[in-house]
Amino acid sequence: MLRTGAFLALLGTTFLQSGSFTDRWSRVETFYRQRVQQAGIVGSSVMYVKEGVVAAKAFDGYQDLATKRPVDEDTIFHWASITKTFTGVAIMQLRDRGLLSLDDPAIKYVPELRDVHNPYGDISQVTIRHLMTHSAGFRVPTWPWGGDQPWHPYEPTRWEQVVAMFPYTELLFKPGTKYSYSNPGVIFLGRIIQLFSGDDYEVYIAKNIFMPLGMTRSFFDRAPYHLLEHRSHSYERTDGVLHEQRFDFDTGITVSNGGLNAPPGDMAKWLAFLIGGSGDSPILKRASLDEMFTPQIRAKDGEGGSGPDVQAGLSCFIERHQGVELVGHSGDQNGFISHLYVHRPSKSGYIVSFNTNAQSKTDSRRTTRAVDDDLRDLIIRELFR
């Protein structure tokens, strides 16, 4: 379980007796606050984890601009596509139990896929591995029509709606030959998890990940009543004009690719698990995590991973920035922007979330994406080298 507080004593003398960590984090925190405010981001949090310990953290702004409630450790952010890392670990759990192979055809477990048009051959070419690496050939959005009215569901709410689109769906390239970020592919992974466990996806993750890691304030989609007051609102800002987005929204059938909500402390526990140590975790063997972190196919900047040198692993991304390799995943939905990064050589990493998607047509620095990138680059220089 992740340890918090009194981290000076717990991190070890080698890490902190140099006397430089406090200064380095101070520079990171000062820069982080300046950039968040410069971009007009309403609220944000960042936590740095070293060898299983929350070594440093910072919060800025408000979780609710209307009431001026500040962001703190209890603030619950929406983590969007970082959910996919949980889905990937769940699939690896099933694989390690001998229930499936990553190279099994997806239709073996999702027979409805037979109705998808594959101009390159039989649909059985699509494997579980292809779904995990976004190389199956499926389109990006789940529901490519509508969604532009407040009375529309945020995403399809039932599996039957997704299945009804299969006869009108085609693969865009031969499976395994290209990369194209695809939310539907991850929905199929969620379906497979439900098939083998007999539980809803949310229940499986709660039993097999949340509970063992002590992620007691994490949930999917709408908040339980006792946590609703801590859930962050979200916003879109374009050249200074701010609009609030849907609050406490439901990701419907897409929960396995983007339904996660959690406070930063819970996400730090997840990050600590991913960083791991030399031994196995009760969640997943170290060798299986290392397999997830192994490049499978070249990916694209801005499609789950970041930068000109990014490759897809299994439900994660391997990136290189300033000559440093990082494993991570981003999230972007309904005004929330987030990122998770692991630096394996130093057994450290960080998580950051913003409740505002700031965009600008006139100043590229005043965007949430730019803040996210700038923070990453500074953390690499100050903490990962």
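These numbers come from the heavy atoms of this one structure, side chains and all, not from hydrogens, waters or symmetry mates.
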With rounding to the nearest 0.5 Å, note down the distance linking [atom1] in [X] to [atom2] in [Y].
| X | Y | atom1 | atom2 | result |
| --- | --- | --- | --- | --- |
| Thr368 | Asn357 | OG1 | CG | 5.0 Å |
| Ser360 | Arg365 | OG | CZ | 12.0 Å |
| Asp200 | Ile193 | CG | CD1 | 12.0 Å |
| Ile91 | Met292 | CD1 | CE | 10.0 Å |
| Asp290 | Leu314 | CG | CG | 11.5 Å |
| Phe293 | Ser288 | CZ | OG | 11.0 Å |

On a heavy-atom basis, which atom in [X] and which in [Y] lie closest, and how many Å separate them?
| X | Y | result |
| --- | --- | --- |
| Ser256 | Thr87 | O-OG1, 2.6 Å |
| Ile351 | Met267 | CD1-CB, 3.4 Å |
| Pro264 | Thr75 | CD-O, 3.2 Å |
| Val71 | Ser44 | CG1-O, 3.4 Å |
| Ala262 | Trp79 | O-NE1, 2.8 Å |
| Asp332 | Ala80 | N-CB, 3.4 Å |

Check whether [X] reaches the backbone of [Y] with its side chain - one donor and one acceptor, N or O, closer than 3.5 Å.
| X | Y | value |
| --- | --- | --- |
| Ser26 | Thr22 | no |
| Lys50 | Ser346 | yes |
| Asn355 | Gly43 | yes |
| His134 | Ser182 | yes |
| Thr127 | His130 | yes |
| Asp104 | Ser101 | yes |
| Tyr154 | Asn334 | yes |
| Gln161 | Thr157 | yes |
| Thr356 | Val42 | yes |
| Arg69 | Asp64 | no |

Mind checking whether [X] and [Y] have side chains closer than 4.5 Å, heavy atoms only?
| X | Y | value |
| --- | --- | --- |
| Gln194 | Trp159 | no |
| Ser180 | Phe173 | yes |
| Ile107 | Ser124 | yes |

Quick one: salt bridge (Lys or Arg N to Asp or Glu O under 4.0 Å) pairs with a partner in [range], sequence neighbours left out?
| range | answer |
| --- | --- |
| residues 311-331 | Glu325-Arg344 |
| residues 34-46 | Arg35-Asp374 |
| residues 118-140 | Asp103-Arg129, Arg114-Asp122 |
| residues 230-246 | Arg231-Asp248 |

Inset, instruction - Answer yes if the ring centres of Phe196 and Tyr109 are under 6.0 angstrom apart, and no otherwise. - result: yes
Legend entry - is_close_aromatic(Tyr62, Tyr235), centroid dist under 6.0 Å: no
Hydrophobic clusters join Ile, Leu, Val, Met, Phe, Trp and Tyr when side-chain heavy atoms are under 4.5 Å apart, directly or via other members; which others share one with [X]?
| X | answer |
| --- | --- |
| Tyr120 | none |
| Phe219 | Ile76, Leu227 |
| Phe247 | Leu228 |

Inset, instruction - Taking atom NZ of Lys68 as the centre, report whether more than 12 heavy atoms of other residues, nucleotides or ligands fall under 6.0 Å from it. - result: yes
Would a hydrophobic clustering, with Ile, Leu, Val, Met, Phe, Trp and Tyr connected at side-chain separations under 4.5 Å, put [X] with [Y]?
| X | Y | answer |
| --- | --- | --- |
| Tyr201 | Phe210 | yes |
| Leu65 | Phe354 | no |
| Val140 | Ile82 | no |
| Leu340 | Val310 | no |
| Leu172 | Ile187 | no |

With sequence neighbours left out, write down each residue that passes ring-ring contact (aromatic ring centres under 6.0 Å, His included) with [X], or none if nothing qualifies.
| X | value |
| --- | --- |
| Phe59 | none |
| His230 | none |
| His339 | Tyr341 |

Legend entry - Which residues share a side chain to side chain donor-acceptor pair (under 3.5 Å) with Asn208, sequence neighbours left out: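 Checked Asn208 against side chain to side chain donor-acceptor pair (under 3.5 Å); zero matches.
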Legend entry - Gln311 and Gln296: CA distance, side-chain angles, deciding distance, side-chain contact (heavy atoms from CB on, under 4.5 Å) verdict: CA-CA 7 Å; Gln311 298 190 70; Gln296 304 283 318; over 6 Å; no
Inset, instruction - List the steps and the verdict of side-chain hydrogen bond (donor to acceptor under 3.5 Å, both in side chains) for Tyr48 and Glu382. - result: CA-CA 12 Å; Tyr48 173 72; Glu382 295 286 0; over 6 Å; no
Legend entry - Aromatic ring pairing Trp270/Phe273, orientation class (parallel under 30°, perpendicular over 60°, tilted between): tilted
Inset, instruction - May I ask you to decide if the ring planes of Phe188 and Phe166 are parallel, tilted or perpendicular, using 30° and 60° as cut-offs? - result: perpendicular
Inset, instruction - Dump the intermediate steps for side-chain contact (heavy atoms from CB on, under 4.5 Å) on Lys174 and Gln125, then the final yes or no. - result: CA-CA 8 Å; Lys174 183 177 175 62; Gln125 293 174 330; 3.1 Å; yes
Inset, instruction - List the steps, then state whether side-chain contact (heavy atoms from CB on, under 4.5 Å) holds for Leu326 with Arg376. - result: CA-CA 10 Å; Leu326 302 176; Arg376 177 201 63 217; 4.2 Å; yes
Inset, instruction - Keeping to residues at least two apart or across chains, list the ring-ring contact (aromatic ring centres under 6.0 Å, His included) pairs with something in residues 297-326. - result: Phe317-His329
Inset, instruction - Would you please test Tyr350 and Leu375 for side-chain contact (heavy atoms from CB on, under 4.5 Å) and show each step? - result: CA-CA 10 Å; Tyr350 76 94; Leu375 178 65; 4.3 Å; yes
Legend entry - Among His152, His233, His78, ring pair (Phe, Tyr, Trp, His ring centres under 6.0 Å) partner for Phe249: His78
